[in-house]
S.K.: 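This structure is in structure tokens; I'll ask about it shortly.
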Protein chains: 2
Amino acid sequence: MPEQPDGRRDDLAAMLGPLVQVLVAAEQPVLAEHDLSMWGYAVLCGLGDEPVRTQAALAQAIGADKTRIIGVLDTLQERGLIEREPDPADRRARLLRLTGEGRRLRDDVQRSIQQGEQRWLGRLPADERAVFLRALARLSRLAREDLDRSR
Amino acid sequence: MPEQPDGRRDDLAAMLGPLVQVLVAAEQPVLAEHDLSMWGYAVLCGLGDEPVRTQAALAQAIGADKTRIIGVLDTLQERGLIEREPDPADRRARLLRLTGEGRRLRDDVQRSIQQGEQRWLGRLPADERAVFLRALARLSRLAREDLDRSR
DNA sequence: GCCAATGGTAAGCACGAGCATACGATATGC
DNA sequence: GCATATCGTATGCTCGTGCTTACCATTGGC
């Protein structure tokens, strides 16, 4: 910084755009190798240790359109990666869980993806990298909260 | 870090996604206020002090589709924000320049946008912020180089 | 008990991006 | 001189996204 001859710096979005692009591109072969779609993987990541109650809530949590992830959930369920069962307390809703297999697959894929990230993170000095990741995690969390608030 | 109960962290793309989303959303009203499209602004930002030779080169530099920015360039030219003239050395090609007005508008918009960024950057400690921006600028540059190489 | 809201589902519509094709004018290499 | 490549232009096609609508079953509030 600054990046421009006249002292200006690029907007955050302008800087983040290309970075997201290369990262997403790097994920494709990993996902393909495991026969996962991007949204399929996002669903697996969006399910943690506790079941998620309602598909709509999961869709929101991962930034997906609830009407578009139905097929994704169907596929994941068919593959035994998730379980989807009616909530006994409210029969309109489904409880969504990772199966053991789903968790293993998610963790495998994530390991591979984050290994690929070293290509980029490895270009930062170690102390800078730690700060960058910490700052990014914080900003990302804040952004998510903002998005949740506006929905 | 780590962000997950089980020690995992989110993928970079997963963290960057929501952040890009809120940043882009914050840009919309600024762009609208100046009657600029996102690609229009990207063109203004992609033109620096020196003319850019060929529309295709500009399109590539800003990550746009050369066939899709023609209308954008038409509009910007009509508004007197850019100049577009045949390259005397090669009449197939155009030289693209910012006008003074285009530069002023670009700088105004960028000032507003970067002011809006304080909402996020201001949530980081000052030393972390500087490191974050420096790291991001570097990663962004590396990503751009990678994208250029693959085109 | 009735009505409005909710959850999952299916599908429609509009839009933009990515990519491709084709054309005329021009430039380059052999 | 000819074949190929390049530039700007126009347009088509496909796909994904965001949003909407509608439906049925269920729930919650009055």
Side-chain angles (χ1 to χ4, degrees), chain A residues 13 17-18 20-22 24-25 27-28 31-32 36-43 46-47 51-78 82-97 147-148 150-151, chain B residues 13 17-18 20-22 24-25 27-28 31-32 36-43 46-47 51-78 82-97 147-148 150-151:
Chain A
V20 168
Q21 209 177 342
V22 294
V24 168
E27 290 187 11
Q28 300 310 319
L31 295 176
L36 270 182
S37 67
M38 190 204 79
W39 286 118
Y41 176 58
V43 165
L47 294 172
V52 171
R53 190 179 160 281
T54 84
Q55 287 172 198
L58 175 65
Q60 178 171 326
I62 65 174
D65 181 319
K66 75 171 184 180
T67 69
R68 300 278 187 224
I69 65 161
I70 294 160
V72 174
L73 295 173
D74 290 343
T75 300
L76 293 176
Q77 185 176 14
E78 280 155 22
I82 66 167
E83 282 170 342
R84 200 167 35 164
E85 62 188 358
D87 179 355
D90 178 350
R91 290 192 307 185
R92 295 172 299 184
R94 306 277 194 97
L95 296 177
L96 303 160
R97 290 187 175 83
L147 290 168
D148 286 346
S150 64
R151 283 176 180 141
Chain B
V20 169
Q21 211 177 338
V22 294
V24 168
E27 290 188 10
Q28 299 310 320
L31 295 175
L36 270 182
S37 67
M38 189 204 80
W39 284 118
Y41 176 57
V43 166
L47 294 173
V52 170
R53 192 183 159 278
T54 83
Q55 289 172 196
L58 175 65
Q60 176 169 327
I62 66 173
D65 180 319
K66 74 171 185 180
T67 68
R68 300 288 184 213
I69 64 161
I70 292 159
V72 173
L73 295 174
D74 290 343
T75 301
L76 293 177
Q77 185 177 12
E78 281 155 23
I82 65 167
E83 282 168 347
R84 200 166 35 164
E85 62 188 358
D87 178 357
D90 179 349
R91 291 193 306 185
R92 296 172 300 182
R94 305 277 195 98
L95 296 177
L96 303 160
R97 292 188 173 84
L147 289 167
D148 285 344
S150 65
R151 281 177 182 141

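Each chain gets a letter, A, B and so on, in the order the sequences are listed, and its residues count up from 1.
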S.K.: Can you tell me how far the CZ atom of Arg97(A) sits from the CD atom of Gln77(A), to the nearest 0.5 Å?
M.R.: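 Reported to 0.5 Å precision, the distance equals 12.0 Å.
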
S.K.: Quick check: closest heavy atoms across Gln55(B) and Ile70(B), and the distance to 0.1 Å?
M.R.: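 So the two residues come closest at NE2-CG1, 4.2 Å.
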
S.K.: Check whether any side-chain N or O of Arg84(B) sits under 4.0 Å from OP1 or OP2 of dT9(D), and answer yes or no.
M.R.: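 For dT9(D), OP1/OP2 do have a side-chain N/O of Arg84(B) under 4.0 Å.
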
S.K.: Whole Å only: how far is the CD1 atom of Ile70(A) from the P atom of dT9(C)?
M.R.: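 Rounding to the nearest Å, CD1 of Ile70(A) and P of dT9(C) are 5 Å apart.
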
S.K.: CG of Leu31(B) to OH of Tyr41(B): how many Å apart, nearest 0.5 Å?
M.R.: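 Rounded to the nearest 0.5 Å, the CG-OH separation comes out at 7.5 Å.
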
S.K.: Between P on dG8(C) and CD on Gln77(A), what's the gap in Å once rounded to a whole number?
M.R.: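 Distance check: Gln77(A) CD to dG8(C) P gives 13 Å.
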
S.K.: Each nucleotide N or O in nucleotides 1-4 of chain D that has a protein N or O under 3.5 Å away: list the pair and distance.
M.R.:
none

S.K.: Atom CG in Leu73(B), atom CD in Glu78(B): separation rounded to 0.5 Å?
M.R.: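 So the CG of Leu73(B) and the CD of Glu78(B) are separated by 11.0 Å.
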
S.K.: Could you encode protein contacts along nucleotides 15-23 of chain C as a string, one character per nucleotide from 5' to 3', using B for base contact, S for sugar-phosphate-only contact and - for no contact, with a heavy-atom cut-off of under 4.0 Å?
M.R.: --SBBB---

S.K.: How long is the line joining CD of Gln60(B) and C1' of dT6(D), in whole Å?
M.R.: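 One finds 14 Å between C1' of dT6(D) and CD of Gln60(B), rounded.
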
S.K.: Once rounded to the nearest 0.5 Å, what's the spacing between atom CD1 of Ile62(A) and atom CD1 of Ile69(A)?
M.R.: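 Between Ile62(A) CD1 and Ile69(A) CD1, I get 5.0 Å after rounding to 0.5 Å.
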
S.K.: What I want to find out is whether Asp74(B) reaches Arg84(B) closely enough, with some N-O distance under 4.0 Å, to be called a salt bridge.
M.R.: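 Here Asp74(B) pairs with Arg84(B) in a salt bridge, since their nearest N and O are under 4.0 Å apart.
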
S.K.: What is the per-nucleotide protein-contact pattern of nucleotides 24-30 of chain D, from the 5' end, where B denotes a base atom under 4.0 Å from a protein heavy atom, S denotes such proximity for sugar-phosphate atoms only, and - denotes neither?
M.R.: -BBS---

S.K.: To the nearest Å, give me how far apart CG (Asp74(A)) and P (dG8(C)) are.
M.R.: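 Taking atom P of dG8(C) as the reference, CG of Asp74(A) is at 12 Å.
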
S.K.: Between Lys66(B) and Leu58(B), is the side-chain contact (heavy atoms from CB on, under 4.5 Å) condition met? List the steps.
M.R.: CA-CA 8 Å; Lys66(B) 74 171 185 180; Leu58(B) 175 65; over 6 Å; no

S.K.: Thr54(A) and Ala93(A): which non-hydrogen atoms are nearest, and at how many Å?
M.R.: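 Closest pair (atom of Thr54(A), atom of Ala93(A), distance): CG2-CB, 3.8 Å.
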
S.K.: Please report the interatomic distance CZ(Arg94(B)) to CD1(Ile82(B)), rounded to the nearest 0.5 Å.
M.R.: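 If I round to the nearest 0.5 Å, the distance is 9.0 Å.
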
S.K.: Just the rounded figure in Å: distance from P of dG8(D) to CD1 of Ile82(B).
M.R.: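 These atoms are roughly 12 Å apart.
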
S.K.: In this structure, how many angstroms lie between the C1' atom of dT26(C) and the CD atom of Gln55(B), rounded?
M.R.: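 One finds 15 Å between C1' of dT26(C) and CD of Gln55(B), rounded.
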
S.K.: Between Arg53(B) and Asp90(B), does any side-chain N to carboxylate O distance fall below 4.0 Å?
M.R.: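 Looking at Asp90(B) together with Arg53(B), the answer is yes, because their closest N to O distance falls below 4.0 Å.
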
S.K.: Please report the closest heavy-atom contact between Leu96(A) and Leu47(A), naming both atoms and the distance.
M.R.: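 Smallest heavy-atom distance, with atoms named: O-CD2, 3.7 Å.
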
